[in-house]
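Just below is one structure, and these are the notes that go with it.
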Amino acid sequence: MKKELEKTYDPKGLEERLYKKWMDQGCFHAEVNPDKKPFTIVMPPPNITGQLHMGHALDNTLQDILIRWKRMQGYEALWQPGTDHAAIATEVKVTEHLREQGIDKEKIGREEFLKYCWEWRKEYGGRIIRQLHEMGSSADWERERFTMDEGCSDAVQEVFLRLYEKGYIYKGSKIINWCPVCRTTISDAEVEHVDQEGNFWHINYPVAGEEGKFVEIATTRPETLLGDTAVAVNPKDERYTGIVGKLLKLPLTDRVIPVIADEYVDMEFGTGCVKITPAHDPNDFEVGKRHHLEEINILNDDGTMNGQCGKYAGMDRYEARKKMVDDLKELGLLVKVVPCTHAVGTHDRCGTTVEPMIKQQWFVRMDEMAKPAIEAVKSGELTFVPERFDKIYLHWLENIHDWCISRQLWWGHRIPAYYCRKCGKMIVAKEMPDTCPDCGGTEFEQDPDTLDTWFSSALWPFSTLGWPKETPEFKYFYPTDVLVTGYDIIFFWVIRMVFSGIEQTGKCPFRHVLIHGLIRDSQGRKMSKSLGNGIDPLEVIDKYGADALRLTLVTGNAPGNDMRFYWEQVEASRNFANKIWNASRFIMMNLPEEELPEPSAEDLRPADRWILSRVNTIAKEVTDNMERFELGIAVQKIHDFLWEEFCDWYIEIAKLRLVKKNDSEDLRISADAALWTLRTVLTEALKLLHPYMPFITEEIYCTLLPSEKTIMTAEWPKYREDRNFPEDERLIGEYQELVRGIRGIRMEMNVPAGTKTELTIVGKDEAACRDFEILKDTLAGMERMVFATEVRIQSGKEGVGDDAVTVVTSRATAYIPLDELVDREKEIARLNQENAKMDKEIARGEGMLGNPNFLGKAPAAKIAEEREKLAKYKAVKQQIVDQLAGYTKQG
RNA sequence: GGAAAGUUAGCUCAGCUGGGAGAGCAUUCGCUUGACGUGUGAAAGGUCGCAGGUUCGAGCCCUGUACUUUCCACCA
């Protein structure tokens, strides 16, 4: 029984059904297989708090395209999926969630809180995975991992230990970024500089013991005055040479601070005097170190002023600022207030202004590990697509600071450091030690901090494959091939994976990084929750299907570039799916029940060889484009081939032969050849399209070829020399030229569609006549395409009436008798216009070919091409001239 | 303050190593052609930001310039 496609294309039921089928058949699973070459992509693990958004949709579509393609090419293709515990994001979400139920995180304590986190993970961690299923993602879900599962946690501890023993991880008191709302440290990468309106407050600091003498400083954060331990000037600044070494009375306090000289101060900027607050400014911290200044912390962890701040203690930092400015004004020490905009460091997650503070934290030393990561890109071992992201990557690494990895959070990998309760000795180990080697104490307390969530993500390409164990998977699938991600997380993730991978495994974790941009709304704005302008990919899928969404996300999108989302584009994609659906349905309607053997070479007609040749060429081009990660260009070619060549031309040509299959034995053979070609070309094109539109291609393929289980493992089309038919491509090209010309002229002449005429084709020479004779069966049916009742092919003008309009191509002139419709004068004018056009072309060609420089320097192929074109234009012109001469003679 | 990207049809964007400018949507005029009106045929629409340069030849390479966007940055 022949299978059939549903009459209308409805992605909804179809996609769900096919995804289930793939899952049931284990189509996504990859195994260590020494007979095949591996191809690996690790999926950027979505947060367990996350919901699928357009960014995920794009990212996963690109990965799925690559994986499906490589799988078809015969690679053992592993797409390694999983989810991220997303330390701070989850902790914030769970905390909120608990608060809504009236539960206070602090009250229930760490252990209890973590239970809620795991519950959350159980409840919501799978949600985004299910949503990825809807996209058609062919990841190996059997291998799904989680950054906090046993294996990944083991990898984290192992790396921590190794780096600690190597001296690359250390605990130290340094100035760090503190978020007073989240109450944790954050890394440099998490600080976003946002321009804000603010003021420069100019304040006079009285010189001690010299009545009426002041030093004027300017600051954007007056409240930090309470932490000042010096004022600095540039040693070369002659304005201030006399004052260096003197003491100043720090306003609002009873402290005195020295004036010091330091190169760091820019003489040109402000007053040339800088207040130094070592505990709350990274630069001042460095200055303080150089001059052995006291570091006075003035802030509590929640951003309020601490006990050091006298009357301001307990106030919020901004409240204190206001009060202090008022007080300074009252004291007459406020010189002026100058409005200005300046870049304020904010926490990228919550937007809170970050406070630099000195705290004891854990850091990763970056200097040594950055080197091989830089080298990896410089040597070409690791490449970015597009290349320009090299610079961003290198610039960051070349200016990298040590990475603060400890977080004052509960949800995450706890730092594997233990402190002896008796003597305080710190021991770094995977498990809690039994006895203290120093004091013999047996009670230990683990460091309360957890690790930056990116610490575990950095290990993702190998921790998911079983590392640190030498598993077969690790040996086979690592290093991975391509990493696909947005440019927004190069710093957070890509760089950290590279140096971690090289340090731990000795190998760069991937060969290529394919960078994509952001999906913006139709006005070019970032999609965001606060704007409410986000488009839910699931809604798109619901309305138009995952295939349409996927196609929309890759067409016209170049690597690294942002793109705007338009519903119209999705609609166009769905229309394409519909087109393919119906074309396939048409082909299947005509296919016989019985076997359809490959026709012998002589039974194939020119159009058959043409379309076979075309799909062959397209396969090669598409493969080339995909190898260069030009997915948008590749899919455009498949799209255009299927729609404009296969549907618009070949199917139409084939129809003529199908309807006549019972007329004669010869026509039956012709019809069979067409059917076989239709099926063959469709099959090849479906394979090319499958990575982009997996569902519709699977459904059609399996219906068309009932013995095939899936298109997923069908062999990717390869270029075949025996399917290259340049002669037929040329011939059909001439045919198309002729048909287009006839349609055009009929339109121009306003010929009613119902009016059918004879068509006489006069070949330019014998060879041309022969060629058009070869196309006889195609031409004979041309009435469907060019409204001809009868087609004659001949070498002279005999029998051609005077009232015919003409279509001139390089090798033939077609005559269409239109009797009363033709205005002789207009026809002559039209031909003259054509003639002038040819003259222009000929002049261009002759100009080029007459230029000795061109002949001397241009490549031979280009010269030959131009010669050929020139000859063609000359031939057309000749025929136009002949035609005109005929009219003149008659007229 | 550094760096990158963009500037191409009315709109949104492609354009691979330099060799006669493309798509989708929109527009105009046709088509109950038996797969598809989610279709089909024809057409209109561009000084490729501006100014120089290199080249036989530049949307593409170089220099400068204008505007837009983004990233980085410890000038208080």
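So you know, we letter chains A, B, ... as the sequences are listed, proteins then strands, and number each from 1. Only heavy atoms go into these numbers, but all of them, side chains included; no hydrogens, no water, no symmetry mates.
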Minimum-distance pair of heavy atoms, taken over all atoms of H342(A) and G198(A):
NE2-CA, 4.0 Å

Judged by nearest nucleotide, the residue sitting upstream toward the 5' end of RNA chain B, R585(A) or K391(A), is K391(A)

Please measure how far the P atom in A66(B) lies from the corresponding atom in G18(B), and state the result in whole Å.
29 Å

Given A42(B), C16(B), U40(B), the nucleotide with the shortest approach to the side chain of R740(A)
A42(B)

Is K862(A) near enough to G18(B) that one of its side-chain N or O atoms lies under 4.0 angstrom from OP1 or OP2?
no

Return the nucleotide paired to U65(B): Watson-Crick means purine N1 to pyrimidine N3 with N6-O4 or O6-N4, wobble means G-U with N1-O2 and O6-N3, both under 3.5 Å.
G49(B)

Under 6.0 Å between the ring centres of F641(A) and W643(A)?
no

Checking contacts here: which listed nucleotide (C71(B), U38(B), G19(B)) is nearest the side-chain heavy atoms of K526(A)?
C71(B)

Taking 4.0 angstrom as the limit, do R574(A) and D547(A) come out as a salt bridge?
no

Describe the nucleic acid contact of R628(A) in one word from base, sugar-phosphate, nothing, applying a heavy-atom distance below 4.0 Å.
base

Taking only side-chain nitrogens and oxygens of H193(A), does any of them come within less than 4.0 Å of OP1 or OP2 of C71(B)?
no

Closest nucleotide among G19(B), G41(B), A76(B) to the D648(A) side chain:
G41(B)

If C25(B) has a Watson-Crick or G-U wobble mate with both distances under 3.5 Å, name it; if not, just say none.
G10(B)

Lys NZ or Arg CZ of K655(A) over F586(A) ring: under 6.0 Å, within 45°:
yes

Which nucleotide wins on minimum distance to the side chain of R520(A), given the candidates U70(B), C75(B), C36(B)?
U70(B)

Examine the base of G20(B) for any acceptor or donor lying under 3.5 Å from a partner atom in the side chain of E841(A), and report the outcome as yes or no.
yes

RNA chain B: 5'-proximal contact among E630(A) and Y873(A) (nearest heavy atom)
E630(A)

Under the 3.5 Å rule, do the base of G20(B) and the side chain of K869(A) count as making a donor-acceptor pair?
yes

Interatomic distance at C1', C16(B) relative to A35(B), whole Å
34 Å

Rounded to whole angstrom, note down the P distance from G41(B) over to A5(B).
40 Å

Modelled atom types, side-chain donor and acceptor of Y264(A) and N234(A), under 3.5 Å:
no

Measuring only the C1' atom in each nucleotide, how far is G45(B) from G39(B)? A whole number of Å is fine.
24 Å

Provide the distance between the two C1' atoms, one in C48(B) and one in A58(B), to the nearest whole Å.
11 Å

Please measure how far the P atom in C62(B) lies from the corresponding atom in G19(B), and state the result in whole Å.
15 Å

Give me the atom names and distance for the closest heavy-atom approach of N533(A) to M527(A).
OD1-CA, 3.3 Å

Counterpart base for G30(B), defined by Watson-Crick or G-U wobble contacts under 3.5 Å
U40(B)

Looking at N575(A), does any N or O in its side chain come under 4.0 Å of the phosphate oxygens OP1/OP2 on G39(B)?
yes

Distance between the P atoms of G2(B) and U8(B), in whole angstroms?
27 Å

Provide the Watson-Crick or G-U wobble partner of G1(B), both distances under 3.5 Å; none if there is no partner.
C72(B)

Using the C1' atom on both, measure U7(B) against G46(B) and round to a whole Å.
14 Å

Among A76(B), A35(B), C72(B), which nucleotide sits nearest the side chain of F200(A)?
A76(B)

Candidate nucleotides A35(B), G15(B), U12(B), ranked by approach to the side chain of R564(A) - the nearest
U12(B)

Hey, is the side chain of Q569(A) pairing donor to acceptor with the base of A23(B) inside 3.5 Å?
no

Is any NZ, NE, NH1 or NH2 atom of the basic residue among E571(A) and K543(A) found under 4.0 Å from an Asp or Glu carboxylate oxygen of the other?
no

Please pick, from G41(B), A4(B), C72(B), the nucleotide with the shortest atom-to-atom distance to any side-chain atom of H395(A).
C72(B)

Which of these nucleotides, C16(B), G24(B), A76(B), is closest to any side-chain atom of A572(A)?
G24(B)

For G20(B), which nucleotide is its Watson-Crick or G-U wobble mate, given both distances must be under 3.5 Å?
none

